[in-house]
Amino acid sequence: MRVSRLMLVTLRDDPAEAEIPSHKLLLRAGYIRRVGSGIYAYLPLLWRVLRKVSAIVREELNATGALETLLPQLQPAELWQRSGRWAGYTAGEGIMFHLEDRQGRELGLGPTHEEVITALAADLLRSYRQLPVNLYQIQTKFRDEIRPRFGLMRGREFIMKDAYSFHADEACLRQTYAAMDGAYRRIFSRCGLRAVAVEADSGAIGGSASQEFMVTAEAGEDLILASGDGRYAANQERAVSLPAEGLPLPGGIRAGGSGEELSTPGQRSIEELCAAHGFDASQLVKVLLLLARFEDGLRQPLLVSLRGDQELNEVKLANAVSARLSAAHGALLGIDPLTAELLRSEGLSLDLTSISTGSV
RNA sequence: CGGGAUGUAGCGCAGCUUGGUAGCGCACUUCGUUCGGGACGAAGGGGCCGCAGGUUCGAAUCCUGUCAUCCCGACCA
């Protein structure tokens with residue numbers, strides 16, 4: 001077809017709304033147009049590209065024996081209430097668009113499809129002889145991101161390939177997992193992308209393993225950490241590391257930890273304490289007060305102690321808290337610093353006059 | 001939600017300080033010339049100056065409110 005018939009509208013200048021190269025180029029070359037915040041029209045040229053990418057994904061997944069399907073975007077709340085994720089995804093994360101139909105039934109636009117696929121599996125799978133089954137779809141997903149940005153990088157409506165497999169035993173699961181791993185590597189390679197598989201957090205809902213295939217880029221949205229020999233890579237939420245050796249305390253009364261009262265007026269951070277008393281950050285313990293909110297209304301204060309030179313990984317904390325309390329109290333909706341204002345608004349009381357409300 | 005910035009033609013921007021008939025480049029239309037890697041000339045069209053109030057004889061410009069967008073942060077199964 002002639003280019004003149006492609007409805008190809010290009011721009012000579014970078015649109016002011018675009019910041020990163022991919023966003024600027026997609027706009028300027030006439031591939032996408034923004035329709036709303038985090039919502040884009042895929043113009044004819046981009047749709048051709050997307051179909052070619054989809055074709056690669058289909059070929060590689062079909063080759064592993066996976067079956068393509070297409071699941072509904074609109075999903076009844078009941079499915080999500082049964083899995084215990086409705087409250088967490090609507091009230092907590094708020095990532096799920098939800099609405100009521102004219103009969104007053106609650107529905108959500110699918111940010112993911114585990115609920116639908118497991119309901120179908122329960123309905124259709126009657127015998128272990130039917131296993132394993134691996135179903136996938138290439139489907140529009142909706143996630144009400146708190147801050148859509150960077151064009152297609154973090155949109156609220158986007159196309160995703162998702163696959164779900166069912167197995168009779170763990171050996172079979174591992175086999176499929178390995179097949180998926182190989183398929184993903186081939187997909188990225190055929191698309192001309194160099195991807196790194198990293199260990200990732202599998203979320204509060206659980207799961208024993210999670211890998212993410214990352215393509216490194218300046219404009220990336222995550223930080224991955226890798227060991228020098230390349231044998232370990234994980235994203236920031238998941239990565240484990242050995243803490244740097246702490247500095248031993250100097251001799252004298254502080255050495256035995258036997259107690260020496262320090263006067264710390266106005267010193268509200270580890271940095272200020274170190275500056276005032278000649279400590280190294282690793283010689284102090286920082287104490288954080290937080291308040292966890294649960295689905296059933298429970299407000300659970302948390303006290304977290306960390307070595308002074310370390311920082312709290314909120315994802316790891318959320319996972320730990322969730323593992324301990326979610327069974328009894330439902331989804332963890334959020335964890336906030338326990339400030340004086342929060343105490344007031346929650347109607348709790350605690351003497352916080354001497355506790356720092358600054359960041360740590 | 002907190003912090004910062006910006007809304008003027010399809011895109012990029014000037015004009016606002018100091019109120020007085022809305023401009024530039026690109027794009028678009030017509031005619032002519034040109035013609036193997038983003039052509040040239042001439043003539044044109046296009047604006048609720050984000051929106052709503054207010055001040056004023058008069059508001060793109062000053063004041064108040066509001067909406068939207070972008071950036072940083074929180075968040076990201």
Side-chain angles (χ1 to χ4, degrees), chain A residues 3-4 7-20 23-30 32-41 43 75 79-80 83-97 108-118 139 141-151 153-158 160-164 200-212 214 219-224 235-238 290-291 293 311-319 322 326 331-337 339 341-342 345 357-360:
Chain A
V3 170
S4 61
M7 201 189 76
L8 183 57
V9 179
T10 58
L11 304 171
R12 212 167 271 230
D13 301 304
D14 287 332
E17 68 180 40
E19 187 83 2
I20 65 170
H23 192 191
K24 287 180 183 170
L25 293 171
L26 283 167
L27 280 168
R28 283 185 52 189
I32 59 170
R33 277 296 160 108
R34 195 181 70 87
V35 173
S37 179
I39 304 173
Y40 289 85
L43 301 178
Q75 306 177 10
L79 277 181
W80 287 75
S83 70
R85 296 211 291 182
W86 180 257
Y89 272 64
T90 56
E93 301 275 349
I95 208 164
M96 191 167 186
F97 285 99
L109 286 172
T112 179
H113 282 75
E114 282 90 4
E115 276 72 4
V116 171
I117 201 80
T118 48
Q139 163 71 291
K141 295 281 195 285
F142 300 87
R143 292 180 188 174
D144 194 5
E145 298 286 352
I146 43 186
R147 179 147 91 89
R149 63 188 119 168
F150 301 146
M153 284 272 287
R154 183 171 287 274
R156 300 198 296 169
E157 179 185 302
F158 57 95
M160 177 167 123
K161 189 288 303 177
D162 47 332
Y164 309 87
D201 179 67
S202 53
I205 299 304
S208 54
S210 172
Q211 268 179 295
E212 289 178 357
M214 306 283 216
E221 292 227 279
D222 204 350
L223 188 65
I224 62 177
N235 72 7
Q236 197 176 13
E237 293 169 350
R238 169 77 183 194
L290 305 161
L291 187 67
R293 291 176 293 119
E311 294 201 4
L312 178 65
N313 181 320
E314 290 187 28
V315 173
K316 290 178 181 173
L317 175 68
N319 286 346
S322 189
S326 276
L332 173 62
L333 298 184
I335 298 179
D336 305 299
T339 59
E341 297 129 70
L342 184 60
S345 66
T357 56
S359 60
V360 288

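Residue numbers begin at 1 in each chain, while the letters A, B, ... track the order of the sequences. Here the structure is a predicted model, which means the values were calculated and not measured.
Between the CZ atom of A/Arg156 and the P atom of B/C70 there is a distance of 10 Å, given to the nearest Å. Atoms CG (A/Leu291) and P (B/A74) sit 20 Å apart, rounded to a whole Å. Note: CD (A/Glu17) to P (B/U69) measures 10 Å, nearest angstrom. In this structure, CG of A/Asp144 is placed 12 Å from P of B/C1, rounded to the nearest angstrom. With rounding to whole Å, A/Arg149 atom CZ is found 8 Å from B/C71 atom P. Here the P atom of nucleotide B/U69 and the CD1 atom of A/Ile39 are 10 Å apart, to the nearest Å. Remark: C1' of B/C70 and CG of A/Asp14 are 14 Å apart, rounded to the nearest angstrom. Rounded to whole Å, atom P of B/G12 lies 12 Å from atom NZ of A/Lys24.
Closest approach to the A/Ile146 side chain among B/A74, B/C11, B/U69 is made by B/A74 (side chain taken as heavy atoms from C-beta onward). The side chain of A/Leu11 lies closest to B/C11, out of B/C70, B/C11, B/A74. Looking at the side chain of A/Phe150, the nearest of the listed nucleotides B/C75, B/C11, B/C71 is B/C71.
Within 4.0 Å (heavy atoms only), A/Ser37 reaches sugar-phosphate atoms of the nucleic acid but no base atom. When heavy atoms are screened at a 4.0 angstrom cut-off, A/Pro15 is found touching the sugar-phosphate backbone but no base atom. Using a 4.0 Å heavy-atom criterion, one finds that A/Ala16 contacts the sugar-phosphate atoms exclusively. Here A/Arg34 lies in heavy-atom contact (under 4.0 Å) with sugar-phosphate atoms only.
Only the C1' atoms considered, B/C49 is 41 Å distant from B/C35, to the nearest whole Å. For the C1' atom pair drawn from B/G36 and B/G32, the interatomic distance equals 23 Å after rounding to whole Å. Rounded to whole Å, the separation between the P atoms of B/U21 and B/A27 comes to 30 Å. Separation of the C1' atoms belonging to B/G23 and B/U8 is 10 Å when rounded to the nearest angstrom. Separation of the C1' atoms belonging to B/C1 and B/G45 is 46 Å when rounded to the nearest angstrom. The C1' atoms of B/C31 and B/C70 are separated by 42 Å, rounded to the nearest whole Å. The gap from the C1' atom of B/G12 to that of B/U6 amounts to 14 Å, rounded to the nearest Å. Comparing the same atom, C1', in B/C62 and in B/G19 gives a spacing of 8 Å after rounding to whole Å.
Under 4.0 Å is where a charged nitrogen must lie from a carboxylate oxygen, and between A/Arg85 and A/Glu114 at least one such pair does. A salt bridge is defined here as a Lys NZ or Arg NE, NH1 or NH2 lying under 4.0 Å from an Asp or Glu carboxylate O, and A/Lys141 with A/Glu157 fails to meet this definition.
Base pairing of B/U29: its partner is B/A43, meeting the Watson-Crick or G-U wobble criterion (both donor-acceptor distances under 3.5 Å). Across all strands shown, B/C49 forms no Watson-Crick or G-U wobble pair with both distances under 3.5 Å. Figure legend. B/U6 is base-paired to B/A68; pairs are counted as Watson-Crick or G-U wobble with both atom distances under 3.5 Å. Nucleotide B/G20 forms a pair with B/C57, judged by Watson-Crick or G-U wobble geometry with both contacts under 3.5 Å. Using Watson-Crick or G-U wobble geometry with both donor-acceptor distances under 3.5 Å, B/C1 finds its partner in B/G73.
Atoms CE and OG1, on A/Met96 and A/Thr90 in that order, are 8.0 Å from each other to the nearest 0.5 Å. A/His23 NE2 to A/Arg34 CZ: the interatomic distance, rounded to the nearest 0.5 Å, is 8.0 Å. Going from atom CG of A/Leu25 over to atom CG of A/Asp14 covers 7.5 Å, rounded to the nearest 0.5 Å.
Residue A/Arg147 has a polar side-chain atom (N or O) positioned under 4.0 Å from OP1 or OP2 of B/C72. Listed pair A/Arg12 / B/C11 fails the phosphate criterion, with no side-chain N or O lying under 4.0 Å from OP1 or OP2.
Under the 4.5 Å side-chain criterion, counting only non-hydrogen atoms from C-beta, A/Leu317 is in contact with A/Leu290. Using a 4.5 Å heavy-atom cutoff, the side chains of A/Ile335 and A/Leu291 are not in contact.
Across the interface with RNA chain B, nearest-nucleotide mapping of A/Thr10 and A/Arg33 shows A/Arg33 to be the residue nearer the 5′ end.
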